[in-house]
Amino acid sequence: MSLTPQLQILLAFQQHSNEEKEQNVIRRPRLFNKRTILDNLTNEEIKLRYRFGRAAILDLYSKLKPYLDPQTKRNHAISGIGKLLATLHFLASGSFQTTVSAVSGCSQPTFSKILNQVLAGITSLAPQLLHYNMSTNNLCRIKEDFYAMAHMPNVIGAIDCTHIALIPPSDKERLYYNRKGFHSVNVQVVCDAHTKILDVVAKYPGSSHDSFIFRNSHLHDRLCQGEAQEGWLLGDNGYQIKPWLITPLLNAETRAEQRFNKSHKTTRCIIERTFGILKSRFRCLDKTGGALFYRPEKVCLIIFCCCILHNFALVHNENIDGLEDLSQVEDIQ
């Protein structure tokens with residue numbers, strides 16, 4: 001069908017008008033949030049915000065680069081070190097993702113993806129940083145270190161559980177409600193005399209009893225097979241006495257029994273100190289930092305990664321004494 005001359009002229013004018021509009025369109029430049037660069041922070045600011053010093057962070061980044069460095073060549077892709085810093089700030093501050101993403105210069109959905117990448121990288125360090133070596137030489141060293149504390153012989157670790165608060169799934173809320181009156185994951189930890197975490201079990205809901213978690217752990221199986229080599233763990237009275245696990249005497253009457261209980265208590269208190277250091281460094285694990293808003297499986301992964309990072313901090317002699325509460329400095333840029 002042929003067009004009339006009038007219609008042809010009208011279409012020509014319309015096309016010319018559209019071309020003029022396209023030429024006059026001013027494209028808005030894409031805006032990117034300001035991202036933290038480690039070089040722009042003082043050593044004090046780095047330690048305050050991330051709970052690690054500059055050297056430790058750079059060493060950690062070197063180990064995690066294959067997991068973190070961007071695969072894209074885009075100019076504004078988030079760098080590997082940026083991903084690590086955002087995650088460390090989240091773990092250290094206990095802030096919600098929205099707060100951390102604002103401080104780190106990325107959107108909340110982006111940070112959610114970043115967190116998964118960094119956690120996967122940290123988990124890969126477990127064989128080097130969180131492994132209970134029960135070789136004869138290593139157990140002898142552990143025994144010597146514990147004996148130096150309060151003359152308790154043959155101790156190869158202190159064991160206890162701690163609760164990490166979370167928002168429970170609605171269909172399993174009762175399972176996660178613990179005896180202390182809040183919802184949690186009950187986490188079993190074994191440490192040495194220097195607060196190094198030797199073993200961790202983070203998968204049971206808050207209603208699970210400490211002794212139940214231990215009986216169903218891989219560590220229990222190893223001890224039953226004789227790997228303790230005439231050594232024993234120190235536990236509280238919530239655990240059943242075994243050839244490789246001893247608890248305080250319930251009715252200490254003689255002087256020898258009282259001395260035993262005193263030595264047991266003094267030595268085993270290292271596990272409480274370990275929990276204190278762990279939760280002070282990683283406020284996301286402390287109830288005062290709020291409950292973790294993730295499904296239980298991811299909460300357990302976060303706990304496991306924090307335990308790995310705790311041991312990594314010990315390697316670098318990182319001390320958290322005297323640091324302020326990170327909730328007071330989240331607005332630092």
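Both backbone and side-chain heavy atoms feed into the values below; hydrogens, waters and symmetry mates do not. Owing to the predicted nature of the structure, the values given are computational and were not obtained by experimental measurement.
Connection of L278 to Y132 is not established within any shared hydrophobic cluster, with ILVMFWY side chains joined at heavy-atom distances below 4.5 Å, either directly or through further cluster members. Note on L60 and L314: separate hydrophobic clusters, where clusters join Ile, Leu, Val, Met, Phe, Trp and Tyr whose side-chain heavy atoms are under 4.5 Å apart, directly or indirectly. Residues V187 and L285 fall within the same hydrophobic cluster, defined by Ile, Leu, Val, Met, Phe, Trp and Tyr side chains chained together at heavy-atom separations under 4.5 Å.
N216 CG to D221 CG: the interatomic distance, rounded to the nearest 0.5 Å, is 8.5 Å. Note: I164 CD1 to S184 OG = 8.0 Å, rounded to the nearest 0.5 Å. Residue L233 holds its CG atom at 8.5 Å from CZ of F146, rounded to the nearest 0.5 Å. To the nearest 0.5 Å, the span separating CG on N43 from CZ on R54 amounts to 4.5 Å. Interatomic distance, OG of S79 versus CG of L85, reported as 7.5 Å (0.5 Å rounding). Put simply, CD on Q188 and CD1 on I159 are 4.0 Å apart, with the number rounded to the nearest 0.5 Å.
Using a 4.5 Å heavy-atom threshold, the side chains of F214 and H220 count as touching. Put simply, the side chain of V189 reaches to within 4.5 Å of the side chain of I271, judged on heavy atoms. At least one side-chain heavy atom of I46 sits less than 4.5 Å from a side-chain heavy atom of I57. Side-chain contact between K203 and V201: present, with at least one pair of heavy atoms (C-beta onward) separated by less than 4.5 Å. A heavy-atom distance below 4.5 Å is not found between the side chains of I122 and Y67. At least one side-chain heavy atom of F182 sits under 4.5 Å from a side-chain heavy atom of K287. For the pair L166/Y176, a side-chain contact is recorded, criterion being any heavy-atom separation below 4.5 Å from C-beta on. Between T267 and S263, some side-chain heavy-atom pair lies under the 4.5 Å cut-off.
Judged by a 6.0 Å distance limit and a 45° cone about the ring axis, R281 is positioned over the six-membered ring of F52.
Side chain to side chain, N186 and S208 fail the donor-acceptor criterion of an N or O pair below 3.5 Å. A donor atom on one side chain and an acceptor atom on the other are not found under 3.5 Å apart for N178 and H183. Side-chain contact check for Q229 and T136: at least one donor-acceptor pair (N or O, by modelled atom type) lies under 3.5 Å. No hydrogens or angles considered: nothing links the side chains of S124 and K63 as a donor-acceptor pair under 3.5 Å. For S135 and N137, the side-chain atoms include no donor-acceptor pair closer than 3.5 Å.
By the side-chain hydrogen bond (donor to acceptor under 3.5 Å, both in side chains) test, D286 is found to be paired with T288, residues two or more places apart in sequence or in another chain being considered.
Aromatic ring centres of Y204 and F212 lie closer together than 6.0 Å.
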Please report the C-alpha distance between T274 and K196 in whole Å, then the side-chain angles of each, then the deciding distance to 0.1 Å, and finally whether the side chain to side chain donor-acceptor pair (under 3.5 Å) criterion is met. CA-CA 8 Å; T274 301; K196 179 182 179 181; over 6 Å; no
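Salt bridge status for D69 with K83: absent, with no side-chain N to carboxylate O gap under 4.0 Å.
Grouping Ile, Leu, Val, Met, Phe, Trp and Tyr residues whose side-chain heavy atoms lie under 4.5 Å apart, directly or via other members, leaves Y147 alone, with no other cluster members.
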